[in-house]
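As structure tokens, the structure follows; a few thoughts come after it.
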Amino acid sequence: VQYARIPQAGLTAVQMGQFEATVVRRSDWEEFSVAQPGVAKVLATSSPVPGGFSVVVRKELPAEVRKGLAGWFASPAASTG
């Protein structure tokens with residue numbers, strides 16, 4: 001998925017059941033959530049990242065997995081690259 005070309009591709013893939021999670025711009029999520037209510041939910045929002053990226057997962061994902069993903073996204077990275 002190339003975000004620069006298809007900004008909502010990750011959301012569409014979550015909706016179709018192809019992905020469990022994606023990262024999107026807040027504005028794309030807000031538009032998608034109005035058009036597709038209840039399909040997915042925000043796990044975490046990162047304010048320091050330009051554009052305020054959010055993490056979205058399918059609502060069918062088990063609660064323990066959502067909790068683990070939320071913790072992982074909220075924790076600082078050990079390394080990058």
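- Checked against salt bridge (Lys or Arg N to Asp or Glu O under 4.0 Å), Arg66 has no partners two or more places apart in sequence or in another chain.
- Here Arg25 contributes atom CZ and Glu31 contributes atom CD; the two are 13.0 Å apart, rounded to the nearest 0.5 Å.
- Residues Asp28 and Leu11 come closest through the heavy atom pair O-CD1, 3.8 Å.
- Leu61 is listed as a side-chain neighbour of Leu69, based on a closest heavy-atom distance under 4.5 Å.
- Legend: residues meeting salt bridge (Lys or Arg N to Asp or Glu O under 4.0 Å) with Glu64, ordered by chain and number and at least two apart, are absent.
- Looking only at side-chain heavy atoms (C-beta outward), Phe32 and Val39 come within less than 4.5 Å of each other.
- Between the Lys59 side chain and the Gly38 main chain, a donor and an acceptor come within less than 3.5 Å of each other.
- Annotation: the span from Thr22 atom OG1 to Arg58 atom CZ amounts to 13.0 Å, rounded to 0.5 Å.
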